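Written out below as structure tokens is the structure these notes cover.
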Amino acid sequence: MPDFGKGEGRDPDARLEEAAGLAEAIGVNVEERLHFRIRQPKPATLFGKGQVEQIADAVRQAEAELLIVDAAITPVQQKNLEDETKAKVIDRTGLILEIFGERAATAEGRLQVELAHLDYQAGRLVRSWTHLERQRGGFGFLGGPGETQIEADRRLIRDRMARLRRELEQVSRTRGLHRGRRQRAPWPVIALVGYTNAGKSTLFNRLTGSDVMAEDLLFATLDPTLRQIGLPGIDKVILSDTVGFVSDLPTQLVAAFKATLEEVVSADLLIHVRDIAHPDSEAQRADVEAVLAEIGVAETTPRMEAWNKLDLLDGEAHDAILAEAARREDVIALSALSGEGVDTLQAAVAARLTAGHQRYSVTLDASDGAGAAWLHQHGEVLEQNVEGEKATYEVRMAPGDMERFHSRGR
Ligand SMILES: Nc1nc2c(ncn2[C@@H]2O[C@H](COP(=O)(O)OP(=O)(O)OP(=O)(O)O)[C@@H](O)[C@H]2O)c(=O)[nH]1
Ligand SMILES: [Mg+2]
């Protein structure tokens with residue numbers, strides 16, 4: 001792990017641990033973890049000469065086949081490090097793309113990952129091409145076999161990417177239809193978001209009584225899962241479990257996963273699940289917020305924080321976190337594993353969803369039984385008057401539900 005000395009409050013050990021976790025997520029057996037301080041990144045190898053020798057030694061000793069550099073490296077650095085260490089070299093972006101490639105389960109997920117991978121490769125080709133160009137004196141039009149080959153590769157990648165984009169559009173259009181149907185028959189949507197391994201799926205399972213995969217594994221969840229649940233005073237809401245985020249999430253992946261993350265973008269409420277016992281909890285929070293902004297979540301989207309894994313904290317830290325959470329309206333401390341605090345979360349979420357409720361007057365045809373039932377189901381009917389063919393309802397309801405009511409049947 002190269003350490004550029006600007007960890008933004010991150011614990012280097014935790015970061016190294018995370019990198020090893022990412023490697024283990026694709027079944028790599030991590031033999032050795034090294035941490036190097038980089039003062040001046042070397043364009044050719046990133047690491048300094050002595051560091052490269054140390055790495056090569058370690059690779060030899062462990063008879064390692066793979067060297068993972070926990071940073072973004074250039075194709076040239078990758079090539080040189082491969083030559084020096086005689087091991088295959090991948091960087092953080094490459095590693096994360098590998099994980100997603102292995103995990104993608106749905107057609108849409110696979111298309112997205114492949115697109116991200118090609119985008120990554122295309123970027124590498126472009127960069128190594130300009131590098132070659134520079135070696136030849138900077139005149140690309142001189143041509144030569146190298147350039148032709150790379151041009152051909154780039155064209156292949158471009159064509160494949162265009163085809164993937166079309167396929168993806170098709171898939172998400174089909175999904176868009178489903179979503180349209182749901183928005184008409186509709187309940188508020190709550191999305192669980194958070195850093196990978198924070199406990200989103202564990203909380204999801206606890207809240208829904210389901211059994212989705214929740215494991216001590218980075219990126220256990222890739223495809224979003226939706227379930228209907230009830231909350232105190234609310235008949236039905238839809239809860240969505242989503243892919244976890246990680247620091248330095250490859251931009252290609254963020255772009256590719258925008259479609260999957262539509263659930264998050266259009267959610268009525270986000271619950272940001274945080275591993276409050278993790279040494280980098282604060283930095284992880286910032287990473288998650290950054291990704292949310294990148295995928296287009298409005299700052300105005302209501303959000304709450306679930307400070308999870310409370311059970312891992314001992315007496316004093318435990319009490320301090322509880323006290324802090326109690327002071328803040330948007331924070332609930334809990335343990336998805338033990339269940340402590342989960343009922344408080346449910347009540348707080350319900351209160352939050354109903355907080356903006358307003359009084360509306362709605363006039364329907366007296367024969368519109370379905371409309372009347374909808375009002376009763378989603379709001380509190382305070383008064384109703386039937387006059388001739390018309391029925392008027394005074395109802396308390398969330399503005400979002402009122403909108404949904406008006407777009408019913410469209
Ligand atoms: N001690 C403790 N462990 C927890 C708690 N919640 C979750 N975990 C553990 O944390 C690990 C990750 O949990 P998941 O629910 O899979 O986390 P996730 O956020 O869905 O992770 P990804 O899908 O990989 O992004 C599992 O080993 C869980 O058992 C908790 O409240 N306390
Ligand atoms: Mg999960």
Side-chain angles (χ1 to χ4, degrees), residues 14 17-27 95-106 109 112-113 190-227 239-250 253-254 257 260-261 263-264 270-281 283-285 287-292 295 303-315 317-318 321-322 325 331-346:
E17 182 69 33
E18 177 182 294
L22 289 171
E24 278 154 11
I26 49 165
L95 179 57
I96 293 175
L97 286 169
E98 285 295 324
I99 300 174
F100 277 70
E102 274 199 8
R103 293 274 194 286
T106 61
Q112 286 169 331
V113 172
I190 304 176
L192 299 177
V193 296
Y195 208 82
T196 186
N197 220 40
K200 299 175 294 298
S201 299
T202 308
L203 183 59
F204 181 85
N205 285 341
R206 187 162 279 281
L207 290 172
T208 59
S210 358
D211 191 17
V212 306
M213 171 154 139
E215 264 180 59
D216 190 7
L217 188 71
L218 301 180
F219 297 117
T221 307
L222 207 58
D223 295 302
T225 313
L226 304 173
R227 292 272 191 292
L239 190 68
S240 155
D241 184 20
T242 54
V243 58
F245 302 157
V246 74
S247 71
D248 305 321
L249 196 60
L253 263 184
V254 175
F257 270 77
T260 307
L261 291 167
E263 239 75 58
V264 172
L270 299 180
I271 301 181
H272 180 168
V273 182
R274 293 178 53 191
D275 178 349
I276 207 65
H278 196 282
D280 291 340
S281 196
Q284 293 182 342
R285 175 183 190 281
D287 288 329
V288 170
E289 287 294 337
V291 178
L292 289 177
I295 60 172
R303 54 194 85 182
M304 299 178 64
E305 289 188 14
W307 288 1
N308 191 32
K309 309 203 183 180
L310 194 57
D311 58 293
L312 293 181
L313 297 175
D314 58 23
H318 178 271
I321 287 294
L322 269 185
V331 172
I332 306 296
L334 52 84
S335 165
L337 201 64
S338 76
E340 175 186 8
V342 171
D343 51 349
T344 317
L345 176 73
Q346 287 168 319

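Both counts, for ligands and for their atoms, begin at 1 and track the order of listing. In this text, all values refer to a predicted model and were calculated from it rather than measured experimentally. Position 1 is the first residue of the sequence; numbering continues from there.
For the atom pair CD (E18) and OG1 (T196), the distance works out to 8.0 Å, reported to the nearest 0.5 Å. Within the model, atoms NE2 of H272 and CZ of F245 stand 9.0 Å from one another, a figure rounded to the nearest 0.5 Å.
The distance cut-off of 2.8 Å around the Mg ion (ligand 2) captures these protein N, O or S atoms, sorted by chain and number: S201 OG, T221 OG1.
Residues L312 and H318 have side chains not in contact (no heavy-atom distance under 4.5 Å, counting atoms from C-beta outward). Using a 4.5 Å cut-off on side-chain heavy atoms (C-beta onward), V273 and Y195 make no contact. Within the 4.5 Å cutoff, the side chain of V331 has heavy atoms near those of the W307 side chain. Using a 4.5 Å cut-off on side-chain heavy atoms (C-beta onward), L337 and K309 make no contact. Side-chain contact between I190 and I271 is present, with at least one heavy-atom pair separated by less than 4.5 Å. Residues L345 and L203 have side chains in contact (heavy-atom distance under 4.5 Å, counting atoms from C-beta outward). Proximity of Q284 to H278: side-chain heavy atoms (C-beta onward) are separated by under 4.5 Å at one or more points. Within the 4.5 Å cutoff, the side chain of R206 has no heavy atoms near those of the F204 side chain.
Contact annotation: for N308 versus ligand 1, heavy atoms closer than 4.0 Å belong to the side chain alone. Here L312 has side-chain heavy atoms under 4.0 Å from ligand 1, and that is the only part of it that gets that close. At a heavy-atom distance under 4.0 Å, only side-chain atoms of D311, from C-beta outward, approach ligand 1.
Using a 3.5 Å distance cut-off with no hydrogens or angles, the side chains of S201 and D241 do pair a donor with an acceptor.
When only interatomic distances are considered, the shortest N/O to N/O separation between A336 and ligand 1 falls below 3.5 Å. When only interatomic distances are considered, the shortest N/O to N/O separation between A198 and ligand 1 falls below 3.5 Å. Among the atoms of T196, some N or O lies under 3.5 angstrom from an N or O of ligand 1. Distances between N or O atoms of T242 and those of ligand 1 include no value under 3.5 Å.
Scored by the salt bridge (charged side-chain N to carboxylate O under 4.0 Å, His left out) test, R303 finds E289 as partners (sequence neighbours excluded).
The contact set between ligand 1 and T202, taken as ligand atoms under 4.0 Å from a residue heavy atom, comprises 6 (N), 7 (C), 13 (O), 14 (P), 15 (O), 28 (C). Below 4.0 Å from some heavy atom of G244 lie the following atoms of ligand 1, by number and element: 25 (O). Counting atoms of ligand 1 from 1 in the listed order, those under 4.0 Å from a heavy atom of G199 are 7 (C), 13 (O), 14 (P), 15 (O), 17 (O), 18 (P), 19 (O). Heavy-atom proximity to S201, at under 4.0 Å, picks out these atoms of ligand 1: 15 (O), 18 (P), 20 (O).
The heavy atom nearest to atom 29 (O) of ligand 1, out of those in D275, V246, L337, L334, is found in L337.
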